[in-house]
Asks: 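Just passing along the structure, written as structure tokens.
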Amino acid sequence: MRILSHEIPSAVGQTVTVAGWVHRRRRLAAVSFLILRDRSGLSQIVVKAPETQAQLDELGEETVVQVTGTVAANPQAPGGAEIVDPVIEPLTEPAATPPIELWRPTVGAGLPVVLDNAPVALRHPAVRAGWEIAAAALHGFRSALDGQGFTEIQTPKIVGTATESGANVFALDYFGGPAYLAQSPQFYKQTMVGVFERVFEVGPVFRAEPHDTVRHLAEYVSLDAEFGFITDHRDVLAVLRSVIAEMLSAVGTRAGGALERLGVTVPEIPVDVPVVHFSEALKIAGADPEEPDLAPADERAIGEWALREHGSDFVAVEGYPMVKRPFYTHPQPSDPRWSNSFDLLFRGVELVTGGQRLHRYSDYVAALAARGESADAPAYSSYLQAFKHGMPPHGGFAIGLERFVARLTGAENVREVTLFPRDLHRLTP
């Protein structure tokens, strides 16, 4: 029966079978070493028999093999044990030379080369570490919301209208008629609050924005949550804080090897996340007080302020101007120029947008009329049906998974931690 690399140290003295990829071969005068890679890590196999050494010479890196041998203790080997007296059985023909040297501790190639060769480059332990962290974060996200009574949903990604936000959309032909790729599950998750009260979704969203930056993608994984019976956006921020905390905890416990490979230490999110009003955030950043939004430089300045003044990698900016928020956003009751919404910044970059939504049908009619639109328009009629029949005060948030991992690992470009990025220039592989 096959065992994994991390199980080898507990099998000293036993005959075992391992299988994986030829990660590295090293030929010395009287002995050769085969470093085998499987899903759990690396194992060392000592090859002394001349005929087996000759066989190993013919097997290029990335050839898939099965090895049976005896486990022997060796403090210098990975995990303190290695396999000796091996019998090697190739499971494929000898592999072609990879376009990237996967056995090196760091990636020697530039990002375009890595992305062009993603089917192989993702095998590099340092490259795959990004998604190991993402997978752990996903586990934490789901676990946190499951524990708070949320129901996971899946909503359509092909929609008939393009009105949810200001982002550009991808149009497509839908059996001869117009359709679009969804910018977010916002309308659907609000609707489902009327069904389950608390819902969340993990799924792709699509933004046809002509941004060619290190932080934007045309398709990314959005972690959405929406829930009812709130007082205001601060209730949303409290749930978000608990979710981020569990995501970070899951990364620490489930992706320790990936963190070690990348030299990453998981930060803590404070119990009380620093919160500043948008108007105050402009002052902190030294920005024009009439600005309706925060520029990337402003976000960096606010992030530096939060770290300096509060020792926090996280800071929430609340009360963004209503003119910069979608029509379904609830205004600040004391001053309707501002909104009951927020952005959570992580190390100086926007990570999460959230807030309280309108929940009365009459408020939606008024909000749309103020934009010169009708609540009876096909774009809104089915969405607003939920509000005609009673919806509680509610709110929610959305986290960009790839951006979360990029900020956590210190990646300079979000594409470094995206499996197969889609952006302004890239549609393959």
Asks: Should Leu408 and Val417 count as side-chain neighbours, where that means a heavy-atom distance under 4.5 Å?
Replies: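 Contact flag for Leu408/Val417 side chains = no.
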
Asks: Give the ring-plane orientation class for Phe327 versus Tyr383, where under 30° counts as parallel, over 60° as perpendicular and anything between as tilted.
Replies: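 If you compare the ring of Phe327 with that of Tyr383, the planes turn out perpendicular.
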
Asks: Where the side chain of Glu416 meets the backbone of Ala406, is there a donor-acceptor pair that is under 3.5 Å apart?
Replies: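 Absent.
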
Asks: Does some side-chain heavy atom of Glu62 sit less than 4.5 Å from a side-chain heavy atom of Arg123?
Replies: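 Yes, close enough: below the 4.5 Å cut-off.
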
Asks: Quick one: does any side-chain atom of Glu309 pair with a main-chain N or O of Glu304 as donor and acceptor, under 3.5 Å?
Replies: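 Here the side-chain-to-backbone pair does not exist.
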
Asks: Contact between Leu368 and Leu384 at the side-chain level, heavy atoms closer than 4.5 Å - yes or no?
Replies: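 A side-chain contact under 4.5 Å exists here.
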
Asks: Under a 4.0 Å N-O cut-off, is there an ion pair linking Glu61 with Arg25?
Replies: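 Salt bridge between Glu61 and Arg25, a charged N being under 4.0 Å from a carboxylate O: yes.
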
Asks: Quick one: sort the Trp338 and Phe278 rings into parallel, tilted or perpendicular, breaks at 30° and 60°.
Replies: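 Ring orientation of Trp338 relative to Phe278: tilted.
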
Asks: Just by modelled atom types, is the Leu4 backbone N or O under 3.5 Å from a matching donor or acceptor in the Glu7 side chain?
Replies: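 Checking the backbone N and O of Leu4 against the side chain of Glu7, a donor-acceptor pair under 3.5 Å is found.
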
Asks: Any idea how Phe187 and Tyr328 line up, ring-wise: parallel (<30°), tilted (30 to 60°), or perpendicular (>60°)?
Replies: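 Correct class here is perpendicular.
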
Asks: Between Glu299 and Glu350, is there a donor-acceptor pair closer than 3.5 Å when you use the side chain of the first and the backbone of the second?
Replies: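 Flag set: sc Glu299 to bb Glu350 pair under 3.5 Å.
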
Asks: Just one of Leu138, Leu401, Leu145 clears the side-chain contact (heavy atoms from CB on, under 4.5 Å) bar with Val202, so which one?
Replies: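 Passing option: Leu138.
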
Asks: For Thr17 versus Gln66, what's the shortest heavy-atom pair and its separation?
Replies: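 For Thr17 and Gln66, the tightest heavy-atom pair comes out as CG2-CG, 3.5 Å.
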
Asks: Quick check: does any side chain N or O of Arg261 sit under 3.5 Å from a backbone N or O of Pro125, one acting as donor and the other as acceptor?
Replies: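 A pair under 3.5 Å: yes.
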
